S.K.: 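Mind having a look at this structure? Questions to follow.
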Amino acid sequence: MKLNTENNLYTILYIVVVVIVVAFLLAFSYSGLKSRSDANERINKKEQILAALNLRNLPKDSVDAVYKQVVVSDLVISADGQVVKKGEKQDQDGFQIERKAFSKDNLPLYICQIDGDTKYVLPMVGKGLWGSIWGFISVNADGKTVYGAYFAHESETAGLGAIINEPSFQNQFQGKLIATAEGDTLQVVKSGAANNEPTKCDGVTGATLTSNGVNMMIHTYLNYYLPYLNSLNNPQ
Amino acid sequence: MATNNKEAFVTPLSQNNPILMQVLGICSALAVTAKLEPAIVMGLSVTIILAFSNAIISIIRKSIPKRVRIIVQLVVVATLVTIVSLLLKAFMYDVSVQLSVYIGLIITNCILMGRLEAFAMSNKMVPSLLDGIGNGLGYAWILVVVGAIRELFGSGTLLDYRIIPESFYQFGYENNGMMMMPAMALIIVGCIVWVHRIINKDIVE
């Protein structure tokens, strides 16, 4: 049998069938794998929060247990320092907020306990050179010094901007001041220009735009979180 | 038949290499080769997707209406790429995070469309499958060579293991920042083409 494949009706039917088959295949594999990939995403987010607390390279199956032990609660605050949602249960309030939903009045914050000390983890989002970047900065109980930091990116250049994802870049934030008495927040400056100043960190050589992106992100979000952090020391 | 199969598999590795001879897939060869690891994974993913899409298109080639064949090819490739990226997200999450953009880029890799149109549309399933694997590997080895050179001289490491010892840096050795730029990848590809043509004199026109 020889089909006339140049026929208009045949062409249209062919495309319709192809699209239906493909749509079915994709829908099937998406919904079949969704629960697995969601679980992976949750674990990945917990890993990132723990990395900001300098708990890195945990085995995959222990992440949930460590997170449960370390993170006491996650709340939602607004930029004027008010607590919007208390987050009495874990994984409920702050944790549920996706990166896209961050705003001045919708800021997640994690309260953690490490060896009896309270730490606060501040999530943040920003723009790199090619795509979005995000990070978590953990702050000591005094609300003034950095305990640890974690940054990640969607699509920065491998070997250049992508270095913000490496511990060598992230570890230099440890012990830095969140803000000076004059209110200047933590900065990422040109590589080599930080000179061990308490509020400055070196950027990545050859990745000026990514470094600027990290700087802008830290600047914007620390200003959002500062009223809350300041209220920790001066309870009214 | 057997010689045909062998030919379909072997020629893309050198004589008819997709990058060196057909000049396909140059764009991604520049983008993902700053480090060795993404180069290897990208090479493997392209090989797998190219093999499957070649085989599928070859099976249905006689039923495809000529006027919409490119659209059908594109739909097949895009479906395979999406399924691979869903599978990676579910079973190898870390790899999928690293590869986020590259996987999507496979759809636009011209080797795929080139091989589908030039080979799978007019050949049987087995040679098409072998042609897909051959072209994928031919593409992969170039990526690996370029990735290795760029990572070694650009960062002093291979697969993130330090190769150039720290003591070299104390004597004033510096990483070549130029290696990190896509322009350098093009120059390296050019050098490989040059060497390849010196070795294989018969392919010079």
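Convention: sequence-line order gives letters A, B, ...; per-chain numbering from 1. This one's a predicted model, so the numbers in the text were calculated from it and none came from an experiment.
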S.K.: Give, as side chain, backbone, both or neither, the part of B:Thr79 having an atom under 4.5 angstrom from any heavy atom of chain A.
M.R.: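 Both parts, backbone and side chain.
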S.K.: Determine whether more than 12 heavy atoms belonging to other residues, nucleotides or ligands lie under 6.0 Å from atom CD of B:Gln15.
M.R.: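 Counting other residues, nucleotides and ligands, CD of B:Gln15 stays at 12 neighbours or fewer.
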S.K.: Looking at B:Met113, I'd like to know if its CE atom is crowded, meaning that more than 12 non-hydrogen atoms belonging to other residues, nucleotides or ligands lie closer than 6.0 Å.
M.R.: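 Above 12, so yes.
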S.K.: With only heavy atoms counted, which part of A:Asp38 is less than 4.5 Å from chain B, the side chain, the backbone, both or neither?
M.R.: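 Contact with chain B involves no heavy atom of A:Asp38 at all.
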S.K.: Do other residues, nucleotides or ligands put more than 12 heavy atoms under 6.0 Å from A:His219 NE2?
M.R.: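 Counting other residues, nucleotides and ligands, NE2 of A:His219 stays at 12 neighbours or fewer.
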S.K.: Name the option with the most non-hydrogen atom pairs under 4.5 Å to chain B; the candidates are A:Asn44, A:Leu160, A:Leu25.
M.R.: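 Looking at each of A:Asn44, A:Leu160, A:Leu25 in turn, A:Asn44 comes out on top.
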S.K.: Identify which part of A:Ile15 has an atom lying under 4.5 Å from any heavy atom of chain B, answering side chain, backbone, both or neither.
M.R.: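 The answer is the side chain of A:Ile15.
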S.K.: Atom NZ of residue position A:Lys119 - does it have more than 12 heavy atoms of other residues, nucleotides or ligands inside 6.0 Å?
M.R.: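 Buried by this count: over 12 neighbours within 6.0 Å.
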S.K.: Please report the closest heavy-atom contact between B:Ser63 and A:Tyr10, naming both atoms and the distance.
M.R.: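 Heavy atoms only, the tightest pair is O-OH, 2.5 Å.
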S.K.: Report yes if some heavy atom in the side chain of A:Arg36 is under 4.5 Å from a heavy atom in the side chain of B:Leu86; otherwise report no.
M.R.: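 No - every pair of side-chain heavy atoms lies 4.5 Å or more apart.
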S.K.: Answer with side chain, backbone, both or neither: which region of A:Tyr14 has an atom nearer than 4.5 Å to a non-hydrogen atom of chain B?
M.R.: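 Only the side chain of A:Tyr14 comes within 4.5 Å of chain B.
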S.K.: Non-hydrogen atoms of chain A under 4.5 Å away: do they reach the side chain of B:Leu88, the backbone, both or neither?
M.R.: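 For B:Leu88, no heavy atom lies under 4.5 Å from chain A.
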S.K.: Minimum heavy-atom separation for A:Asn40 to B:Ala90, with atom names?
M.R.: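 A:Asn40 and B:Ala90 have their closest heavy atoms at ND2-O, 2.9 Å.
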